[in-house]
2 protein chains.
Amino acid sequence: MTRDLREAGLTQQRPVVRRAASIKDVAAAAGVSPTTVSHVLSGNRPVNEETAARVRGVVNRLGYVPASLARSLQAGSTSVIGLLIPDISNTFFAELAKGAEDAAHDLGYGLILCNTEFDADREDRYLGMIRSRFIDGMVYASGSPPSRRRLEALMGKFPIALADEEVEGLRGALIAGADHEAGGRLVGEHLRALGHRRALMLTGPRDLRSGAARAHGFVQAFGGEVVERVGDFKEDSGYRLVAELLDAGGFEDRTAVFAANDLMAFGALAALREAGVSVPGDVSVVGFDDIRAASLVSPSLTTVHQPAYDIGRTATAQLLQYVSRGEVPPASRHTLPVELKVRGSTAPPAAR
Amino acid sequence: MTRDLREAGLTQQRPVVRRAASIKDVAAAAGVSPTTVSHVLSGNRPVNEETAARVRGVVNRLGYVPASLARSLQAGSTSVIGLLIPDISNTFFAELAKGAEDAAHDLGYGLILCNTEFDADREDRYLGMIRSRFIDGMVYASGSPPSRRRLEALMGKFPIALADEEVEGLRGALIAGADHEAGGRLVGEHLRALGHRRALMLTGPRDLRSGAARAHGFVQAFGGEVVERVGDFKEDSGYRLVAELLDAGGFEDRTAVFAANDLMAFGALAALREAGVSVPGDVSVVGFDDIRAASLVSPSLTTVHQPAYDIGRTATAQLLQYVSRGEVPPASRHTLPVELKVRGSTAPPAAR
DNA sequence: GTTGTTGTGCAAAACGTTTTGGATATCTAG
DNA sequence: CTAGATATCCAAAACGTTTTGCACAACAAC
């Protein structure tokens, strides 16, 4: 249902955007040179107060706003950086983005959010922004699997920082992220202590080191028998993998599921519920991230808390330190601590 | 804990970003004029195939990427628009953003997400991007209360579309949004039909028409006695308002709560749970938006589904239609249907 | 042998800023 | 009265593109 108010006579008639006032227009109207206008506005050199007042008057009257493009072209930088995230509806990244935004804001930079939906095409487009110098730098928080080579080529030439993610085989990167392996270990110890011996592990995409580190820490600390299935960090894949395994009878006497992130854990919960499997009565479920919904679902989800906000903030602050000096950041690693949140989705396995 | 890999000898030595290759460098290396390079790359005019091949070779060798700033400056537009949202961790806006992004992508535009956290300062900064012509247009999805005047000043001069929101008293805008009033009515009818007669309504900020419309539709259809409390669309405010009312004894024999969005409904649920009030046994709760978590919480939340994706998509597609022609969009309204999702948080009031 | 036409490439202007080296006038100190 | 300092402003260059008018050659058509 679309109603066009033009027929109601409530409108302008599609005015074409007319050319905005330029510094020359201001100069002409004020009877000075563009140089002087620039100096008045930037305060870069002193200008006679009377003249300055006149210029400011004209600026207001004409609604003049300097064209940032021209300014940036001349300055050689835009004072804007990007934050590339794979899935904006995952609130983990939303929190991370807040941290990044705050850090950028504090340092006088603009931050633009680039959401890729795990899509290589979009990632390319957004990385193009940095190659064409539309932005001064990029905080890269995970991404689609085939990104490694592209990233590697860019990393030495442009200011890029990795947040929450290591990309397999990538060297020389500035990284800020949680201690994924320690998180995995916490989960392994927790489930083992409860008495579980056979578990299902839902990992993230193979090429993302973060997921691999979680799995590694888990397997090592858990000690029991672990079956792994590869997911993609989205809710659907958690649902699908568990449902398939249940259908195929492959679940057998497994009593615990560790999903490499909360979203997949939600999917697992849904699949178990539909199959009539009780959580945590029959099967315990653990996630990773501790997104907002983790404490809202029923049963509430035992999970590993990641300091999403701090990760975003640290990665960005670190990156900007170099960007502002026109440097490419050196390799370094900032590891932030994680914490196990025990909630309602884990319990000792039922006696049999 | 921060470890610097430089000490491990794994690094470059903070290389300063060296000037990127320009079209002149390419031209010189290929023994042609910049004009010819431009023509080779844009295909704007035919170039001898042999020459073109040589130019392309140099382009690859030098890793030349045209500076988008210079290109945009010359073209007079950046082919990028912004999407301004107030709260990125509200998944309603995340869905809306996906729709906007898809629409922009389809039409060859870049979309940058601008998250304001309901902060007027940030909103100003982001609106500055359009005034300084860093972006070609803006999809504006709600915002901080005092925005109206700023918006009004911009609206006639720059391409702006409103998504999901009407701003009180704003005229001549392109708007795409849900039928908020109808949604409110659905809730009113539902609660009335269940037998509720006394309700608490948690509204959004006074100046946002969307919240007001929801309240209006609700009050009208419900017919019973309604107490209103003004929130800010965030979870905390839902919690606080309900907790305060419970403490003050003001809740009395009220049997239903309608929150103007899901986040506030979650807050209300938490406050009720803490106070030992059973939902839906003692009190029914209804939200608005139908974000992902609404079906995950326990009890699952009865709410009004808004087509967030479509709202974002429609607003953006409409806006771009005008942006691409260099026009400011005329006033028009695109209303999308809503739907009541009855779930576990509503039931008939307990007999007394 | 003129007149077009087609293919190929370049020079110069334009987009809108900021920056830098002067130019001019006025003032100060000796 | 002159040399230097200070205040005020401007002209021109530079940032990196795209666009447009033109030049020149080769070739065809008459």
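Naming: A, B, ... by sequence-line order, numbering from 1 per chain.
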Within this structure, what is the [atom1]-[atom2] distance for the pair [X] and [Y], rounded to the nearest 0.5 Å?
{"X": "Thr116(A)", "Y": "Ile88(A)", "atom1": "OG1", "atom2": "CD1", "value": "11.0 Å"}
{"X": "Thr316(B)", "Y": "His105(B)", "atom1": "OG1", "atom2": "NE2", "value": "13.5 Å"}
{"X": "Leu127(A)", "Y": "Cys114(A)", "atom1": "CG", "atom2": "SG", "value": "8.5 Å"}
{"X": "Arg131(B)", "Y": "Asp124(B)", "atom1": "CZ", "atom2": "CG", "value": "8.0 Å"}
{"X": "Arg71(B)", "Y": "Ser38(B)", "atom1": "CZ", "atom2": "OG", "value": "8.0 Å"}

- When you match Ser33(B) and Ala70(B) each to their closest nucleotide on DNA chain C, which lands nearer the 5' end?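 Checking each residue's closest nucleotide, the 5'-ward one belongs to Ser33(B).
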- Message: If you assign each of Ile23(A) and Pro34(B) to its closest nucleotide in DNA chain C, which residue comes earlier from the 5' end?
- Response: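 The 5'-side residue here is Pro34(B).
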Pairwise N/O distances under 3.5 Å, protein to nucleotides 5-8 of chain C:
unit_1	atom_1	unit_2	atom_2	d
dT8(C)	OP1	Asn48(B)	ND2	3.4

- Item | Glu50(B) CD to dG9(C) C1', straight-line distance once rounded to whole Å |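 Spelled out: CD on Glu50(B) to C1' on dG9(C) is 14 Å.
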- Task: Taking heavy atoms of chain B and a 4.0 Å limit, find me the 5'-most and 3'-most nucleotide of DNA chain D within that range.
- Result: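 In short, chain B contacts DNA chain D from dG16(D) to dC22(D).
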- With Tyr309(A), which of Asp102(A), Thr314(A), Leu96(A) fulfils side chain to side chain contact (heavy atoms under 4.5 Å, CB included)?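 Exactly one candidate clears the test, Asp102(A).
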- Message: Just to be sure I understand the rule, does Thr36(A) reach a base, reach only the sugar-phosphate, or reach nothing, if contact means heavy atoms closer than 4.0 Å?
- Response: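 Sugar-phosphate: the residue Thr36(A), judged by heavy atoms under 4.0 Å, touches backbone atoms but no base.
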- Task: Identify whether any heavy atom of Ser22(A) sits under 4.0 Å from a base atom; if not, whether one sits that close to sugar-phosphate; answer base, sugar-phosphate or nothing.
- Result: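 Sugar-phosphate contact only - Ser22(A) comes under 4.0 Å of backbone atoms but never of a base.
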- Query: Under 3.5 Å, is there a donor-acceptor pair between the side chain of Ser77(B) and the main chain of Asp136(B)?
  - Reply: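 Flag not set: sc Ser77(B) to bb Asp136(B) has no pair under 3.5 Å.
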- Indicate yes or no for a side-chain donor-acceptor contact from Ser72(B) to the backbone of Leu69(B) under 3.5 Å, with no hydrogens or angles considered.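 No; judged by distance alone, with no hydrogens or angles, the pair does not exist.
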